[in-house]
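This report concerns only the one structure given below.
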Amino acid sequence: MFDLPSSLFDLLPTAAYVCDIDGKIVRYNRRAAALWGREPALDDAGDRLCGFRRLYGLDGSPIALGNCAMAEVLASGIAVRNRQVAVEQPTGTRLVVEMNVDPLRDSTGRFVGAVGCLHDITQRHASAAAATSGTAQQARNLLEALPLAVYTTDTAGVITFYNQAAANLWGYRPELGKSVFCGAWKLYRPDGKPLPHDECPVALTLKERRGGHNGEAIAERPDGSRVPFIAYPTPLNDQSGQFVGAINVLVDISDQRQSLRLLAEIVNSSDDAIITKDLDGIITSWNPGAERLFGYTSIEAIGHHVTMLMPPDRYNEEPGILARLRAGERIDHYETIRRRRDGSLIDISLTVSPVKDENGIVVGASKVARDITDRRLAQERQRLLLREMAHRVKNMFALAGGVVSLSARSTQSAPELASTVNERLAALARAHSLTLPDPTADDIISERTTTLHTLLRTILSPYDVQTKAGQTRFAIQGTDLPLAGGSVTSFALLFNEFATNAAKYGSLSTSDGTVAIACSEQKGMLHIQWTEKGGPSPDTAAKDRGFGSTLVEATIVQLGGKISREWRPEGLVIDLSVDRNRCMAAPRQRS
């Protein structure tokens, strides 16, 4: 008992405590503390022999602590059996307790202390006292009124009494004097296997004439319904101490079972991964949500260390998590990265809660992991859209300024300037609208359709003013393809970026600059060459790698193509190649 782990000591079905050879209390379980009504300090010389401070004989006479059963065993080394005494708790409540004390010896046989087991027999004693004093009917009425199922048997196990609660639990009223050991129609073990009546808890109690055979079982009623219960049988002795039978209390645990089933259904149906582990990090349970999220079956996961789900660079997280759990701390919505069975990484939000035993001691942890990959992607898309919006706004201001400057060079009066600026800004708005999704469409990108040349003319129309020599600034020639809905937006973004840069830094920033656009097809690829002439010297042209360049390259990847730029003495040349099948619209079928 000295070396028995605390967790197992607390699982003992009776109040138990241990004293060393000097009578100091060195161990006790939670049942003993509950019975004493207090928690004595271990190894305290002030707490000796017993957790009760006041003991009495059954006739009410005080008993000195030095004369208790524990003191007797420590003095003689001989066990004491079924010693009944009256005790008083700190609240003043008096109980009748049956004491069994056994000597303890170490591996060499040396006498080192004693272990005491205490049974609360207040109710049994009260029933026996009532019977011997001629108040048997009162005791019977008391048992009948109890909400718990209670019945008694003789030494052979024949049922001599049962209350209404027992009849309700069994589902019928068995005939007294004939039913043996238990009134249940049929009995089953917790795993569903049949339990013979002569192996049920009360049968074992009668056979061994001692308590401690508490156990869980299932009673089947005549109508086929089943009731799980826990039995608490206790042997009965008459006033002279003669063994006369047993009393058994049955506690219906259907609600507890239902709660456990409901909890299990919630865990099993959850989309989140719900995992438990012990304080060493070993996985102890694994729900279907965990299997879906991480790819491991419960057989593959249970019994393995939780680091199997961590990328190597995240192993250092586990010691900190375990330390916080041992301190009873809960970890809420901790965002991290975990690894699936196939090696892929996944963004998750992790909540970790300590799991405690009946004594409030942390024995493990429950982890709930939620996949936040879509949320992270949405955040990334949102950041990209915000950057794109900021980029567009800056470009729009620059373009508006360019339109005013270009228009001022070719107009002679303020009304003419205002009219020209309004027309070109309207054209700029039409071109800009090609890069925006339709707000009434279901998809994020609406299915806009147009041809390549039409799109180019729309994008470039705000800059289409004649040069000093009376020539148009743009020349569009070659292949003209119908564009698929999704590629319209991509091409509009590209050409708008090219035109914006040309207006800010290239050929469209001067009065005589031109742009030639040649389109052709070859081996399933659409080739577009953008050639600027008449702009500023390439030494002063912008060659930055800002967001505009990032946007262009990302768009090219979507179209399955590539791009190159060459700054020639006469101006910038852009060569663009894209997958023809990705950008060409399918011909519409006639209805």
Side-chain angles (χ1 to χ4, degrees), residues 256-358 360-389 437 442-445 554 558:
Q256 298 176 29
R257 284 285 189 89
Q258 180 63 28
S259 297
L260 290 174
R261 284 194 294 269
L262 179 60
L263 178 61
E265 290 175 3
I266 292 173
V267 170
N268 288 333
S269 63
S270 174
D271 290 333
D272 295 332
I274 302 177
I275 305 165
T276 59
K277 63 180 181 179
D278 62 22
L279 289 181
D280 293 323
I282 303 301
I283 296 171
T284 56
S285 72
W286 185 267
N287 78 328
E291 183 172 340
R292 291 190 294 270
L293 183 61
F294 296 112
Y296 293 97
T297 65
S298 58
I299 296 175
E300 294 171 320
I302 294 175
H304 291 80
H305 202 275
V306 73
T307 50
M308 68 183 287
L309 305 176
M310 295 182 176
D313 62 345
R314 299 275 175 165
Y315 286 168
N316 61 340
E317 293 180 3
E318 186 62 13
I321 291 175
L322 290 175
R324 293 173 65 181
L325 288 172
R326 290 189 181 97
E329 184 178 348
R330 174 185 169 93
I331 302 170
D332 281 320
H333 304 299
Y334 171 64
E335 293 190 3
T336 184
I337 297 174
R338 290 295 179 260
R339 183 175 58 186
R340 291 190 177 101
R341 188 177 188 275
D342 61 7
S344 61
L345 300 181
I346 181 172
D347 293 305
I348 65 168
S349 175
L350 192 63
T351 298
V352 189
S353 303
V355 174
K356 301 179 181 179
D357 63 12
E358 294 179 354
I361 299 173
V362 177
V363 295
S366 171
K367 307 177 72 168
V368 179
R370 176 167 296 175
D371 184 356
I372 59 171
T373 302
D374 291 341
R375 191 180 81 189
R376 283 287 179 88
L377 292 176
Q379 290 173 344
E380 290 297 326
R381 287 194 294 268
Q382 184 182 45
R383 281 194 287 268
L384 181 64
L385 289 172
L386 288 174
R387 290 184 64 192
E388 180 185 340
M389 183 175 68
D442 292 334
D443 293 334
I444 295 177
I445 302 297
Q558 293 178 1

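We use all heavy atoms of the structure for the numbers below, so side chains are in, but hydrogens, waters and symmetry mates are not. For reference, positions follow the sequence shown, starting with 1.
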How far does CZ of R338 sit from OG of S344, to the nearest 0.5 angstrom?
14.0 Å

Can you find a heavy atom in the side chain of T336 that is under 4.5 Å from one in the side chain of I348?
yes

As an exercise, state the distance from CD1 of I274 to CG of D272, rounded to the nearest 0.5 Å.
6.5 Å

Gap between atom OH of Y296 and atom CG of D342 - 0.5 Å precision:
8.5 Å

Got L309 and I275 here, is their nearest side-chain heavy-atom distance under 4.5 Å?
yes

Side chain to side chain, R339 and M310, heavy atoms closer than 4.5 Å:
no

Heavy-atom side-chain proximity of T351 to R330 below 4.5 angstrom
yes

Excluding sequence neighbours, so at least two apart, what forms salt bridge (Lys or Arg N to Asp or Glu O under 4.0 Å) with D371?
none

Looking only at non-hydrogen atoms, find the nearest pair between L322 and D280 and report the distance.
CD1-C, 4.5 Å

Do R326 and V362 come close enough that some side-chain heavy atom pair is under 4.5 Å?
no

Please tell me if the side chains of K367 and L350 come closer than 4.5 Å, counting only heavy atoms from C-beta onward.
yes

What residue among E318, H305, H304 forms side-chain hydrogen bond (donor to acceptor under 3.5 Å, both in side chains) with K277?
E318

For L345 against P311, the heavy-atom pair lying closest together
CD2-CG, 3.7 Å

For the atom pair CG (L293) and CZ (R370), what is the distance rounded to the nearest 0.5 Å?
11.0 Å

Sort and list the pairs that fulfil side-chain hydrogen bond (donor to acceptor under 3.5 Å, both in side chains) and have at least one residue in residues 285-295, not counting sequence neighbours.
T276-S285

To check you understand the geometry: which heavy-atom pair defines the closest contact between A290 and A273, and what is its length?
CA-CB, 3.4 Å

I'd like to check D347 versus I337 (side-chain heavy atoms, cut-off strictly below 4.5 Å). Are they in contact?
yes

What I'd like to find out is whether the side chain of M308 reaches to under 4.5 Å of the side chain of I283, using heavy atoms alone.
yes

